[in-house]
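Counting starts at 1 for both ligands and their atoms, following the listed order. Excluded from the calculations below are hydrogen atoms, water molecules and symmetry mates; all remaining heavy atoms, backbone and side chain alike, are included. This chain uses plain numbering: 1 for the first residue, then up along the sequence.
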Amino acid sequence: MSSFPADGAELERLRSLTGIKWSRDGGEYLAAWVADMDLAPAPVAVAAVQALVDRRDFGYNRHAAQQLPAAFSDWQARHHGWAPPVDELTLFSDVLHAIDMALWLHTQPGDGIVLLTPIYPPFIRAVEHGGRRLIDCPLDPDGWQLDRATLESVVDERTRVILTCNPHNPTGRAFRHDELLAIADVAEAHDLLIISDEIWGDLTHPGSPHIPMPTVSPQAAARTLTISAASKSFNLAGLRTAVAHMGHGGLAEKFAALPSHALGGLSTPGAEATLACWTDGDEWLDEVRRHLTAQRDHLAGRLADELPSVGFQIPEATYLNWLDLRPLGMIEDPTDRLRRHGLVVSPGDDFGPTGNGWIRLNVATSRPILDAIIDRLVQAAAAG
Ligand SMILES: Cc1ncc(COP(=O)(O)O)c(C=O)c1O
């Protein structure tokens with residue numbers, strides 16, 4: 001596709017960007033770590049920001065802020081069969097802000113928050129920084145399924161929240177209906193808040209639909225804070241715009257009682273770009289999803305041929321791949337070893353203690369760059 005030119009000019013372009021993915025390490029490294037895509041953002045988003053620039057239109061935003069809740073609801077209905085009521089939606093600058101605030105408002109130090117591990121590292125920090133208690137609910141490593149009995153067994157009387165991302169980062173699982181129902185049932189039985197971070201919801205692979213948590217049951221809808229953004233799907237992470245559905249009435253009241261600027265203001269470029277994506281971004285997203293599935297399959301094929309001992313379950317969603325490098329003898333710190341071969345990945349132990357010897361690899365790039373990334377992985381493995 002045109003967004004992924006297949007020559008070395010692409011690497012030069014990436015290395016000229018100011019975003020953290022390519023600029024942090026610089027030099028000759030290949031960046032396959034943080035969850036940004038290498039393709040240029042969706043043209044509709046670029047056009048929306050360009051229109052602001054052309055009009056010198058950097059004032060406090062009104063237009064997009066007014067329209068975003070309805071656009072989000074329509075987008076969810078079109079893509080995921082969920083039409084959240086517009087008056088239950090709140091705009092945030094980013095997903096993690098909404099999560100931090102929800103934990104802060106809904107829990108006290110010492111309260112338990114269940115995480116489905118391995119898990120996106122900022123969730124661990126969000127729990128631990130506030131003095132809350134991390135309750136570990138490990139996913140079954142044989143397929144990364146959520147086991148209802150495990151979830152039931154970890155909840156204690158001071159548990160207040162189940163915090164998850166659906167689809168799941170780093171395993172790439174798109175949770176099935178029965179798994180989400182298990183979360184809803186356990187939450188109902190213990191009167192827990194569910195926080196469902198659905199930022200990856202649009203980026204599923206064929207055969208693995210995204211199921212929004214509030215669609216699982218009316219009870220689930222009434223105890224879930226669901227948060228989403230266009231930032232992963234359309235590659236807008238720096239523009240800072242997110243939307244939350246306040247299904248949980250008690251939490252909604254606590255948010256509504258906050259001082260008027262506690263949630264910060266909206267970014268005009270972020271809001272306009274997000275609105276453009278949720279209004280007109282469908283076709284572009286289809287093309288990107290096809291590319292990401294092809295990248296996933298290419299990685300899987302080369303691993304099977306060249307590094308068959310690496311532990312790898314084909315992801316159902318995201319462009320992230322969770323790889324067990326322990327069979328290659330990379331037990332202590334695979335990340336350092338890969339870095340010596342010019343490859344930067346996300347270290348598995350950031351995702352919880354069971355991540356030791358694992359890495360998270362981002363394949364949202366061009367095919368030639370993905371091949372170069374895999375070549376470096378193979379070289380590092382051969383070097384022993
Ligand atoms: C599960 C998950 N939630 C949230 C974020 C970040 O969202 P934001 O930048 O809106 O805080 C990411 C980024 O990779 C993510 O993977």
Side-chain angles (χ1 to χ4, degrees), residues 19-21 24 31-38 41 45 68 72 89-104 113-127 129 139 144 146 161-175 183 194-204 210 212-213 224-245 263-267 269-271 273-274 277-278 292 315-322 344-348 350-352 355 359-365:
I20 194 171
K21 185 179 183 188
R24 188 192 69 177
W33 61 292
V34 70
D36 274 328
M37 294 200 269
D38 288 345
L68 261 182
F72 174 70
L89 299 173
T90 301
L91 303 178
F92 285 83
S93 60
D94 60 77
V95 169
L96 291 172
H97 185 194
I99 292 174
D100 270 353
M101 292 295 289
L103 292 180
W104 188 259
I113 293 157
V114 179
L115 298 182
L116 310 181
T117 60
I119 192 68
Y120 178 55
F123 285 13
I124 299 174
R125 293 196 288 271
V127 172
H129 281 180
L139 296 173
W144 304 118
L146 171 65
V161 179
I162 301 173
L163 165 59
T164 188
C165 42
N166 169 41
H168 188 261
N169 171 1
T171 65
R173 280 297 319 289
F175 291 119
I183 294 176
I194 302 167
I195 303 179
S196 188
D197 170 349
E198 305 199 348
I199 196 169
W200 290 100
D202 298 327
L203 294 181
T204 53
H210 166 60
M213 188 75 207
T224 302
L225 171 70
T226 308
I227 315 165
S228 194
S231 51
K232 296 295 142 195
S233 322
F234 294 95
N235 206 23
L236 314 175
L239 292 183
R240 322 310 293 145
T241 301
V243 176
H245 173 247
L263 300 186
L266 208 60
S267 143
T274 301
C277 291
W278 283 340
L292 295 179
E316 298 161 335
T318 80
Y319 45 73
L320 308 171
N321 297 268
W322 184 235
V344 185
V345 298
S346 300
D350 285 356
F351 296 76
I359 61 163
R360 194 191 70 177
L361 187 81
N362 176 345
V363 298
T365 190

Output yes when the distance from some N or O of ligand 1 to some N or O of Phe123 is under 3.5 Å, and no in every other case.
no
Protein residue, atom and distance nearest to atom 14 (O) of ligand 1, heavy-atom basis
Lys232 NZ, 3.0 Å
Give the intermediate values and the outcome of side-chain contact (heavy atoms from CB on, under 4.5 Å) for residues His168 and Leu146.
CA-CA 11 Å; His168 188 261; Leu146 171 65; over 6 Å; no
Applying side-chain contact (heavy atoms from CB on, under 4.5 Å), run through Met213 and Thr164 and close with a yes or a no.
CA-CA 10 Å; Met213 188 75 207; Thr164 188; 5.9 Å; no
For ligand 1, is there an N or O atom under 3.5 Å from any N or O atom of Ala237?
no
Mark up the atoms of ligand 1 that fall under 4.0 Å of a heavy atom belonging to Trp200, in ascending order.
1 (C), 15 (C), 16 (O)
Is there a donor-acceptor pair closer than 3.5 Å between any side-chain N or O of Arg360 and the backbone N or O of Pro170?
no
Whether Ser267 side chain and Leu239 backbone form a donor-acceptor pair below 3.5 Å:
yes
Look at the side chain of Asn362 and the backbone N and O of Asp36, then say whether any donor-acceptor pair between them is shorter than 3.5 Å.
yes
Taking atom 10 (O) of ligand 1 as the reference point, the nearest protein heavy atom with its distance
Val95 N, 2.9 Å
Counting from 1, what ligand 1 atoms have a heavy atom of Ala35 closer than 4.0 Å?
14 (O)
Compute the shortest N/O to N/O distance between Ser231 and ligand 1 and return yes if it is under 3.5 Å, no if not.
no
N or O contact, Asp197 vs ligand 1, cut-off under 3.5 Å
yes
Within the side chain of Thr226, is there an N or O that forms a donor-acceptor pair under 3.5 Å with the backbone of Ser196?
no
min-distance protein heavy atom vs atom 9 (O) of ligand 1 -> Arg240 NH1, 3.2 Å
Quick one: does Phe92 get a heavy atom under 4.0 Å from ligand 1?
no
Where is the nearest protein heavy atom to atom 12 (C) of ligand 1: which residue, which atom, and how far?
Tyr120 OH, 3.1 Å
I need the atoms of ligand 1 closer than 4.0 Å to a non-hydrogen atom of Leu96, numbered in the order shown.
11 (O)
Closer than 4.0 Å to some heavy atom of Cys165 - which atoms of ligand 1 meet that?
1 (C)
Would you say Asn235's side chain and Met37's backbone share a donor-acceptor pair under 3.5 angstrom?
yes
Do the ring centers of Tyr319 and Trp200 come within less than 6.0 Å of each other?
yes
When you measure from atom 7 (O) of ligand 1 to each heavy atom in Asp94, Ile199, Ile99, Ile119, which option holds the nearest one?
Ile199
Quick one: does any side-chain atom of Glu316 pair with a main-chain N or O of Pro167 as donor and acceptor, under 3.5 Å?
no
